[in-house]
Each structure stands twice: as C-alpha cells, then as structure tokens.
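All values below come from the heavy atoms of this structure, side chains included, with hydrogens, waters and symmetry mates left out. We name chains A, B, ... by the order of the sequence lines, and we start the count at 1 in each one.
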2 protein chains.
Amino acid sequence: MYKAPVEEIAFTLSHVAGLGSALEEGRLGDLSGDLVDAILSEAGRFAGEEIAPLGESGDREGARLVDGAVITPQGWPALYKAWCEGGWNGLTGPQDFGGQALPHMLNVAALEMWNAASMAFALAPTLTMGAIEAVSKHGSDALKQTFLEKMVSGEWTGTMNLTEPHAGSDLGVLKSRAERMGDGTYRVFGQKIFITWGEHDAADNIIHLVLARLPDAPAGTRGISLFLVPKFLVNDDGSLGERNDVFCHSIEHKLGIHGSPTCTMIFGDGRFGAEKGALGYLVGEENKGLACMFTMMNNARLAVGIQGVAIAEAATQKAVAYAKERTQGKAPGWQGTGMSPIIEHPDIARTLLTMKALTQGSRAICYACAHAIDLSHASEGDEARHWAERAALLTPIAKSFSTDVGVDVASMGIQVHGGMGFIEETGAARYLRDARIAPIYEGTNGIQAIDLVTRKLPLSDGGAVRGFIGELKGVADKLGASNDAAFGTSATRLSAAIADLETATDWLLEALGAGRQAEALAGATPYQRLFGLTLTGTYLATGALAAAGDGDGEKRVALCRFAAENLLAETAALKDAVVGGAASLEAARAVLG
Amino acid sequence: MYKAPVEEIAFTLSHVAGLGSALEEGRLGDLSGDLVDAILSEAGRFAGEEIAPLGESGDREGARLVDGAVITPQGWPALYKAWCEGGWNGLTGPQDFGGQALPHMLNVAALEMWNAASMAFALAPTLTMGAIEAVSKHGSDALKQTFLEKMVSGEWTGTMNLTEPHAGSDLGVLKSRAERMGDGTYRVFGQKIFITWGEHDAADNIIHLVLARLPDAPAGTRGISLFLVPKFLVNDDGSLGERNDVFCHSIEHKLGIHGSPTCTMIFGDGRFGAEKGALGYLVGEENKGLACMFTMMNNARLAVGIQGVAIAEAATQKAVAYAKERTQGKAPGWQGTGMSPIIEHPDIARTLLTMKALTQGSRAICYACAHAIDLSHASEGDEARHWAERAALLTPIAKSFSTDVGVDVASMGIQVHGGMGFIEETGAARYLRDARIAPIYEGTNGIQAIDLVTRKLPLSDGGAVRGFIGELKGVADKLGASNDAAFGTSATRLSAAIADLETATDWLLEALGAGRQAEALAGATPYQRLFGLTLTGTYLATGALAAAGDGDGEKRVALCRFAAENLLAETAALKDAVVGGAASLEAARAVLG
C-alpha cells in the first residue's frame, strides 16, 4: 500500500525546487517551514490511510451509470466529504472565498499524494481547482459570489467541457453553440465527450465550464466563448434550485482510472422540462473563451504532470517492496542462505534505480514548475516576467516528461513483479492502466512538444531558454568543482547532456527563425525528452550537492551518479534525432502509404 | 481490423531471414516458394477473416470458470476446430503422426498472424506445439503412439506445468512431487500456477506436461522429472477413459489475454474418486526433466518473441489507419482544405515510422532465429553446430527485444489514437494489455538477458557472437558500398552501432572471463537491447539492399535510413551503460534501502 514519501517531498520542495530560499527570503508571505511540514505530513497521512485503501477497491468497482445518475465506488462520496472537510480543496483557493491561498508548490505536492493514492479519485478536485481558477480570474463578481465559496470548499465540484468528437487537440472546430437570452444569460446546446467527473454522486452540485460558439462568432479559435453551466441552478439565497438542462448520456469503458466517471454530456436537449437549452453564464468576454482556458493551462497541465510523478512513486514503492520480499535464484555474491531476494539481482536493481531516478527527476521538474508559477505571482515587472516565462517553459516538459515517466515506470513495476505483475489483484497493473491516460489528456504529449518548440523556445527571443540552460551549466560547474569521488563521472556526463540540450536548442531556434517549421516539429518530441532527461540529471545533482554531509547525502550522490552514468547518455541520441532526423522522416513518409 | 501483411512477411522470410537462399540451395527438402506463398496467404486469410473478429469479442467476454469447468469465449471452440481442420496445428509436427514437418520459419510466420489476430487464442496451439516437441523428442514410443497423433491434429491440446507460487524463474525449488507406482507409471501431486489453457472447453482432452520431484530426487534443478498427465486417461483402443486426478482450481483475473484461461491446477487431491494422485507417465529420464524442458526452450521463447512482433504489427496497422482518417489542426505545409489527417503532423509520422521500423526489425530477428533453428536441423557436424549456436544466441534477443517492442509499440499506438486510445472499444488498449505479459512469461526478459550474457556469449569461446558480428559488418560494408544517396548516413550509423555492439561484447566477455559476474550482469539488459537495435538496423538494411530496384525498394531504403538516423544513435548510450554502468549501480544499492 502506498505510503507518502513526505520527507523526500519536503526535501525536493526545499532544496531542489526553491521553496527553501523563497521562505528564507520571505517571498511567500508568512508561510513557515513548520507549517509546510505540518501540511505535508497530514496530507501524507490522509493519502496513505484514507484514500489509498479506497483507491484499490474503487478501481475494482468502477463508476456506474444507472438511470442517468453516476454512482461512484462504495465509500467515495464519504471519502470525498472527509477530504473536503480537511480543507484540502481550498489549499490554493482565494481567501475571500474560504481558500488558504497557499503557494502552488504545496498544492502540487499534495496533489502528488492524492494521485498516488488514487488517481481516479484525485481527478475530481483537480478539475474543480481548474474551474475555481477560471472563475476567479475571469468570472464576474456576481458569478464569484454565487459559486466560488462552495467550489473552494469542495461542496460543489467543477468540470471542463472542451472536447467534442471531431474537436480534440484542435478546439477551433468545436460545434457546441450558445444563444443570448437578452437578460445577460445564455442557453447552451451541444454534446461534449471525455468529461471527467461530469456527473457523480459525491457533491451536491456540479459546475460545468463549457466552451461553445455564439451565433455570430467568427470561425475558428477566435469565436469560442466560455460559459458556466451549473447542474442545479442556484437560487438567490444560495440554495439549490431547479435542474438545469444538462445530463450525462453515457460513461466510457476505459483502460484505467475506473473510479473516475468519464462522461458524454448533453447540453440543451430539453430532458428536464419544457425549456430547452442549458442555462449558462458567460465567463470572461464573448469570443475570448479560449484565452480564458489558456490562462489556467499551466496549472492544469502541471496537475497532469504530477499524476505521472504520483504513479511513478506508487509503482516504485510497490516494486521495491516486492523485490525485497520475493526470493528467486542466487544473485552473484549472495552470501545468505537459500534464494536471494530478487532485489539482489543486478538487473532488478538497475530497473529499480532507474524507476527511482526518473521518479525523483520528474518530481523535481514539476515542483520547479510550481515554484516558477508561485514566484511569477509573488513578484513584479521583469522578475514576474522571468518567472512566468520559466513556468511557461517548464509546463510542457513537466506535463509530458512526467507522464511518460509514469507510464514507463509503471510498466517497469509490472516487470519487477514477474507473473504476479500481470494479475490485477497485485495492483501493479492498475498503475499502468491509470498512468496511460496522462500522456494523452490535457493536450497530448505531442501537442506539448509543439507548444514547447514553437511557443516556449521563442520566449524573449530565445532568452528564456538560454538563461535556463545557463543555470543548468552552473549546477554542472558546481558538480565539477565538488571533490567528492562518489560522484564518479557525473559532472562530465551532466555537462555533456547540457551541451546536447544547447546544441538542439540552437538548432531549433535557427530552424524556427528561418521558417523551417516542419523540420523543427519533426524533432519536437525527442527535444522534449532531451530537456526532461537533462533536467532530471541537473535536479538530482542539485539535491545531491545540497545534501552533502546529511544523513541521506551519500544516497543522493549515488543516485545522481547512477542517473548520470546510465540514463544521461541517451541525450546524445536525442540531440541527433532533433538536429538530423527531419530529412529522413520526410523521406520515409511514403512508407506510411 | 487486422489484415495479415502477407507480402511483407514473405519478403522478410525470403530476402532478410534467409529462406530464399535456403530454398534455392534445396536445403529444405522439396519445399517450393509457391507452396510457401500459398501457405502464407491462406494463413493470412484465416487470421484476418476468421480469428480477428472473435479475438475482439473474446477479449470482452473472457474465459470463465463455472463449477470447475472453463468456458472459453463464444465461438472459440468452433473457431479452434476449424483452425485445426485447416491443418495449422501440425505445420511443423512430425510426419509419422500426421504433421507436415515444414520448416519452423513457416510456423513462426503463421504464429505471427494467429497472434496478431488474437494472442489469447493463439496461446492454445502455442502451448500444444511445445508439448508435441517435448513428447516427440523425449517420450517413449508408447507415449508417442498414444498421444502424438491427436496432439498434432490439435484434437487434444497441451500445457506446460512449471511454475509454482514460490518457484518462477527459479524452478530448482519446486515442490510438486511424484511417486513411482511400480508398474512404470507415476502419481503426481502438487499445485501449479499460471497454467495457460490449463482447462478449457475447446478440445476433447488436455495433455499436461508437469515438472515434479521424485521422493529420492536430489535437491535443486537436478532432481526434477517431467511427466505427461492427461486430463482424461486414454484406453488401449485410443478412446477416452476415466477422468484423471487433476483439475482447475481457479483462473486468474489478468491485465490482458482475457480469452486465454490462466489456471491454477491441482494435481492429486482425489477429487474425482477414491484413488488419489494424478496418473502420469515419465517423459525422458527420471531427474532429467529440466533438460527435457530446455530442449524446447528455443522454440517456446521464439514463439513468445513472435507475439511481440504480432502485437506490434496489429497495433501499427490500427494506428496508421486511424492517423489517416482522423483530422485535427493543420500540419506545416498542409495544402488540403480543412484540417489535416493527423498522419501529416511530423510528430505523428515520427511515431508511426518508429512503430514500423521496430516491428519490421523484431520480425526479422524472430524469422532469422527460426531460420537458424531450421538449418541446425537440416545440416550436420560443424555446420549444424554453427546454426544451433546462432539459434541459441538469437533466441533470448528474439524473445526479449521483440516483446519489449510489442509493449512499446502498443503504447505508441494508444498515443496516436489520443483520447480514443484509452477507450476499450477502440481496441488499441487491448494490444497493450495483451502485449504486457510477453516480456514476463517463458523466462522474464531479465532472465533472457542473463542467459544471453552468461550462456550464449561464451559459446565457442566467444566465437559464435564474434562470427555473427562479423556478418553484420559485412552488411554495413555493403551499405557503405552502395551509391544510393537515399540511404543518407545509414552506413555510418549502422557501422557505429555495430562497433558499439562489438565493444560491449568484448567488455562482457572479458568481465566474464575474469569472473566479474556481477559487473557483467549489471549490463545484461542494456546489452540485450543494444543487440536488438543493431540487428534491427542491420536487417532493415539487408532488406533495403535486396529490394533495390524493386517497386517497394525506395520505401525500404527510406525506412532503413529513418531507423539508422533516428533509432540507432541510442546504441552509444546502451554501450556506455554496459561498459560503465556497473560501478554506479553497485554504489547506488543503498538507495533501495
């Protein structure tokens, strides 16, 4: 069973991702290290003791649609209530509406724990947090007054209604429509698919945020508006009123996250009365709906990235525990009686160390991204811009690298379990099933790569990425200057990886500058992984340098070295694919017929 | 729906894996190219038209245990009967018992098609073929007379009962026991787990091959005997007699291959009458059971390797079809109206080409392994030894590389489908679920790596692997000598990969020679992948060189170049992990606690 790695999380936040110095410098208000520790510990306890057991049973049971109502797994509504009562939903929520307005770093750390215990369960609040952000930033005062308090407390959950059957990555072609009613309200009509927690029995009301098109809207992405459509209308006194014209038509039969209902939602077919059309309220301005969505993309994408970290952590814990317990054969040098625990076999140890290194690396990337978001809010002017750009740059990497890590590490976890890994009751397979959605939703990892290369690299004319690479070099230099032989060739390896990243970056910026878009995009995915791996090496080194002398310092140095000497060599191949792969890719298109 | 790539299979058999020249040289009896083509075509038709539709429904339905009987999915017993009536079960079976004694290459090609259509279904005959081989090679004449004809026809299926809860990779510790009855027969007692098609309703009888220990057997692997235990005893006239004391206690709830019942089998608890103990017949000599099993390991492991190829092919077909049909966004340079088919996006094209290259590479490796097995049987003396060593060397690579490819390509296939990939009805997820077992069973890929490094590299004092690498260099030289600019830098890349393979091989042989077992084993898995990737590059080049001038020649050249310039660069990193990774791995063991 998952046990939250509270100390590791606290260490990464403080010593790798920047929380420690931000607290020292008083940049995060009156937040203290003690409070951080208390929050992390209690979140860890709740995740491991309360959520994890119901995560397993919830996966077996799944969500069910019965007569238009979605029934979540046994115990989940009560679990959700208890979780809300702990105040977890409002960790970063606005204080005016009952939130605690704590830094995103803390929420991301907490999200990691919720997701590791049950990704299917954690999806409900993840979506609500996105909706809160959209309403906080773009909603009218009236909307905020009516909806935010209950959303922040978690009494009402939120959803994001974007996708339609023909409009996934490309939202410009969506067809859902809205009509102005003349009184400032709208009626929304259409069908949305893949709506996470679109309908369920764990909260009193569900606040749908829906993208739709007004009759006179321009074509494409500039003609999309965002509407708030509650499941139940809200009376002036705050009590729940009549049922709105939106309902769940079906739920999907999915590879994983079985406890999370993935709904097809129908708006405006008149099912609940004479009046057709789901009553909706505009969020932001007409035709600016996509821009409203984009302002919360960083957080939402980061929240998916952390799912990858969470699954990787949980899968690693399970695999390490099994490998210590399961005995088979005799490892070289085994002195014990009988068979060795399989963890003694070098190949199993390699797998587990790879899992550890990737998990810690992706965690650090996600936390560093959250840190950049926090500092972009806590600073002004050029500094705010610097951190906003850093967050923008890190977001697609956090989302894609971490979710790929989630899938890969979950798959390695199955392998460590041998035949037992393929048996559902073992639980290792569930991690792969759950993890597999994360590289897809909230913008596929291919879309992230396009975003990284075409929108993020050009920030400040390449200055944002070049400045970041400069910082990475600083870490490699420190590593080189350390006289600890236990680092092995880490400094050389890390420097080589950073050089590969720089070469690939320069090549991409030049290609983009010269309008060679197709060539740049051909290398987008290898570039994204190259960036993630290099950051993994850098952040493991940062932690190892910070911990030198600590009790666990030696372990951090050893893991840093393992990653540098076993995983970072891949960067050369990735760089080659970026700078030299496009021509062969174009030439081979005929192969695909 | 899967369509067997009959032409591609025929091309790979003939021009890459060596069937063409073997036929020309008359080394395979009177087998003709026309007969090969006829067999492949009909197998392809049966797989695509008959098996594939029931493969999908069978996955949804799964196998069920009802009152001790296993009910396979609807239509499967009839499908199995029709498949047997086509003569497919006896393709390589002994002619004395109704088999066609055709080369293994053909059977492996056919197995690819059965598995691509339904891996769960194909497992039944795969296990039967293993049992036929064991009985043919090691059974007494009486056993052969009684059992082989019906097993070759497929009327009776076979199973392999090896694993016990505490004895998986390490069979030396198994506890099932057998007692001599004094009349030459034995009674078998014990529990076996993970028995594929251990009980089912598709055949009249099930012939279990069971590893067990005699009372006076030495400990460990030298005290294991192999027994044939039929579900129904067979009367002297060949009719079925009484029910033997073996039954299916439960079936597993698995991640994939849902149509294939994975059984826990109980031998000898007296359920079906007063007499306790499952009646069994010795196969081979007492205490030599493991050796009997090992003689069929090459074929069985190759049969699992081909499952990886099969899933990769099916997943690639599905992804390519979807990517041509699904439109989203506008790819750079897209001139059409509206959105582009997603195959136009460079990132999707990269994914699909990677899938193609890995599928074709792993196919060639498996076919080359089958070819080596065939020639080892068709020749004598040094030549037979040469081919037997080649088969021995290729087997762990064929098993591990291809099954890793199966998992990776299936996962990429899901990704290409976006959100639809996560929905079970799409079918892409099933490929990942099914593929995931193949790196585990029939010896985990970690065990394959140990086998490759510690048993196969030392063959002929390293001469077997060095000779093989010499042949690979010959292909790279031919590539270098070709003046076709369309190969890009393929020759340089391939030569570099082969040099990496050679460096790693030399290092491992030296480490083994010096008794540095742990160091060698630390690099076993990266070495295995290094070998597989290098072979992929070499075989794609072989095909491209052979096809030059053909209609499809240009495509083969382009795919060879794509693989060389995008996938082969990884070999340098893998070589580094082999020759330099062990120290860091040992140093990092403390990280695992």
Side-chain angles (χ1 to χ4, degrees), chain A residues 168-170 194 252-255 320 328-329 332-333 339 343 346-347 349-350 352-353 356 407 411 414-415 418-419 422-425 429 436-437 439-440 444 446 449 488 517-518 521-522 524-525 555 558-559 561-562 565-566 569-570 572-573 576-577 580-581 584-585 587-592, chain B residues 168-170 194 252-255 320 328-329 332-333 339 343 346-347 349-350 352-353 356 407 411 414-415 418-419 422-425 429 436-437 439-440 444 446 449 488 517-518 521-522 524-525 555 558-559 561-562 565-566 569-570 572-573 576-577 580-581 584-585 587-592:
Chain A
S169 299
D170 190 346
F194 299 162
E252 303 291 352
H253 173 218
K254 307 185 300 290
L255 176 61
V320 169
Q328 271 314 257
M339 297 187 287
I343 202 168
D347 187 63
R350 169 182 292 280
L352 295 172
L353 287 168
K356 278 257 178 195
V407 172
S411 189
I414 292 178
Q415 190 68 20
F422 201 62
I423 306 301
E424 285 289 0
E425 284 76 3
R436 195 61 197 79
I437 187 59
I440 294 173
T444 65
Q517 193 86 352
L521 289 179
T525 286
K555 289 186 194 171
L559 190 62
R561 179 184 173 194
F562 174 81
E565 297 187 358
N566 289 276
E570 193 191 330
D576 283 355
S584 66
L585 194 156
R589 274 185 177 276
V591 174
L592 301 172
Chain B
S169 299
D170 190 345
F194 299 161
E252 303 291 352
H253 173 217
K254 307 185 300 291
L255 176 61
V320 169
Q328 265 324 249
M339 298 187 286
I343 201 167
D347 188 63
R350 169 181 291 281
L352 295 172
L353 287 168
K356 278 258 179 194
V407 172
S411 189
I414 291 178
Q415 190 69 22
F422 201 62
I423 306 301
E424 284 289 0
E425 285 76 3
R436 195 62 197 77
I437 187 57
I440 294 173
T444 65
Q517 192 87 350
L521 288 179
T525 286
K555 289 186 193 171
L559 190 62
R561 179 185 172 191
F562 174 81
E565 297 188 359
N566 289 277
E570 193 191 330
D576 283 355
S584 66
L585 193 158
R589 276 186 175 275
V591 174
L592 301 173

Quick one: does B:Ile414's side chain get under 4.5 Å of A:Leu255's, heavy atoms only? yes
Checked A:Arg589, A:Glu252, A:Met339 vs chain B; the most non-hydrogen pairs under 4.5 Å come from A:Arg589
Would you say the side-chain atoms of B:Asp170 pair up with the backbone N or O of A:Gln328, donor to acceptor, closer than 3.5 Å? no
Return the option, out of B:Gly446, B:Ala429, B:Gly419, B:Ala572, with the maximum number of heavy-atom pairs under 4.5 Å with chain A. B:Gly419
Counting heavy-atom pairs under 4.5 Å with chain B, which one of A:Thr444, A:Ile437, A:Asp347, A:Thr525 comes out on top? A:Ile437
Less than 4.5 Å to any heavy atom of chain A: does that hold for the side chain of B:Phe194, its backbone, both, or neither? side chain
Heavy-atom donor-acceptor pair, B:Gln517 side chain to A:Pro332 backbone, under 3.5 Å: no
Closest heavy-atom pair and its distance - A:Leu592, B:Lys356: CD2-CG, 4.2 Å
Expected output: side-chain B:Arg436 to main-chain A:Phe422 donor-acceptor under 3.5 Å: no
Let me confirm one number: the CD1-NZ distance from B:Ile423 to A:Lys254, rounded to the nearest 0.5 Å. 7.0 Å
Please examine the side chains of B:Glu565 and A:Asp576, heavy atoms only from C-beta on, and report whether any two atoms are closer than 4.5 Å. no
Among A:Glu570, A:Glu425, A:Gln415, which has the most heavy-atom pairs under 4.5 Å with chain B? A:Gln415
Give, as side chain, backbone, both or neither, the part of A:Ala349 having an atom under 4.5 angstrom from any heavy atom of chain B. both
At a 4.5 Å cut-off on heavy atoms, which part of A:Val320 comes close to chain B: side chain, backbone, both, or neither? side chain
Portion of B:Ala524 that has a non-hydrogen atom of chain A nearer than 4.5 angstrom: neither
Considering only heavy atoms, which portion of B:Ala522 lies under 4.5 Å from any heavy atom of chain A: side chain, backbone, both, or neither? both
Compare every heavy atom of A:Ala587 with every heavy atom of B:Ala558, then report the nearest pair and how far apart it is. CB-O, 3.5 Å
Let's test your reading of the structure: which of A:Pro439, A:Gly333, A:Gly488 forms the most heavy-atom pairs below 4.5 Å with chain B? A:Pro439
Looking at A:Leu521, is its backbone amide N or carbonyl O close enough to the side chain of B:Arg350 to form a donor-acceptor pair, meaning the two atoms are under 3.5 Å apart? no
Chain B heavy atoms under 4.5 Å from A:Ala449: which part of the residue, side chain, backbone, both or neither? neither
When every non-hydrogen atom of A:Ser411 is compared with those of B:Val407, the smallest separation belongs to OG-CG1, 4.0 Å
What residue, out of A:Ser584, A:Gly418, A:Ala573, A:Ala577, has the most heavy-atom pairs lying under 4.5 Å from chain B? A:Ser584
Which atom of A:Pro346 lies closest to which atom of B:Ala518, heavy atoms considered: CG-O, 3.9 Å
